[in-house]
Amino acid sequence: VAKLDADVSYGVAGQIGFNFQPADAKNWGVFVDARYADLNTDLEAKTADGTKIDLGEFGIDPWVYTIGYSYKF
């Protein structure tokens with residue numbers, strides 16, 4: 001394979017989460033969230049002699065989770 005091409009792709013992304021600060025805590029709290037992105041692109045390979053090979057669709061669909069502690073100065 002002399003060249004690998006991937007189409008420009010756009011997808012959908014979303015996030016949901018919450019912050020929690022106890023009533024007796026003036027400066028600290030915790031947070032939790034989950035994020036997802038749905039991206040797909042078409043892949044095509046070209047050989048040295050110019051022959052095109054369709055490799056199909058490639059998907060990148062990650063889930064990202066966050067748990068953290070916050071402190072306000």
Side-chain angles (χ1 to χ4, degrees):
V1 174
K3 187 175 180 183
L4 178 64
D5 289 326
D7 291 340
V8 174
S9 179
Y10 300 95
V12 177
Q15 175 180 352
I16 188 166
F18 67 91
N19 295 327
F20 175 71
Q21 185 173 11
D24 61 344
K26 294 181 181 180
N27 295 334
W28 67 273
V30 294
F31 59 90
V32 175
D33 71 5
R35 291 171 265 166
Y36 176 75
D38 181 24
L39 301 169
N40 296 308
T41 187
D42 293 324
L43 295 178
E44 183 179 85
K46 293 182 184 175
T47 61
D49 64 359
T51 305
K52 293 181 182 179
I53 304 168
D54 182 21
L55 299 175
E57 188 173 87
F58 179 68
I60 303 170
D61 306 324
W63 277 96
V64 179
Y65 303 99
T66 306
I67 299 173
Y69 173 83
S70 63
Y71 185 84
K72 297 177 185 176
F73 294 95

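Computed from heavy atoms alone, side chains included, the values below leave out hydrogens, waters and symmetry copies. Since this is a predicted model, take the numbers as computed values, not measurements. This chain uses plain numbering: 1 for the first residue, then up along the sequence.
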Remaining members of hydrophobic cluster (4.5 Å side-chain criterion), Tyr10: Val8
Output the rest of the hydrophobic cluster of Ile16: all Ile, Leu, Val, Met, Phe, Trp and Tyr residues reachable through side-chain heavy-atom contacts under 4.5 Å, sorted by chain and number. none
Without swapping roles, check the side chain of Thr41 against the backbone of Asp7 for a donor-acceptor pair under 3.5 Å. yes
Filter on side chain to side chain donor-acceptor pair (under 3.5 Å), then keep only pairs touching residues 50-65, sequence neighbours left out; what's left? Asp49-Thr51
Any salt bridge (charged side-chain N to carboxylate O under 4.0 Å, His left out) involving residues 24-47? Give me the pairs, sequence neighbours left out, ordered by first then second residue. Asp5-Lys46, Asp33-Arg35
Once side chain to side chain contact (heavy atoms under 4.5 Å, CB included) is applied, do any residues pair with Leu55, and if so which ones, sequence neighbours excluded? Leu4, Leu43, Ala45, Ile53
Set of residues satisfying ring pair (Phe, Tyr, Trp, His ring centres under 6.0 Å) with respect to Tyr71, sequence neighbours excluded: Phe73
What are the two closest heavy atoms between Tyr69 and Trp28, and how far apart are they? OH-CB, 3.4 Å
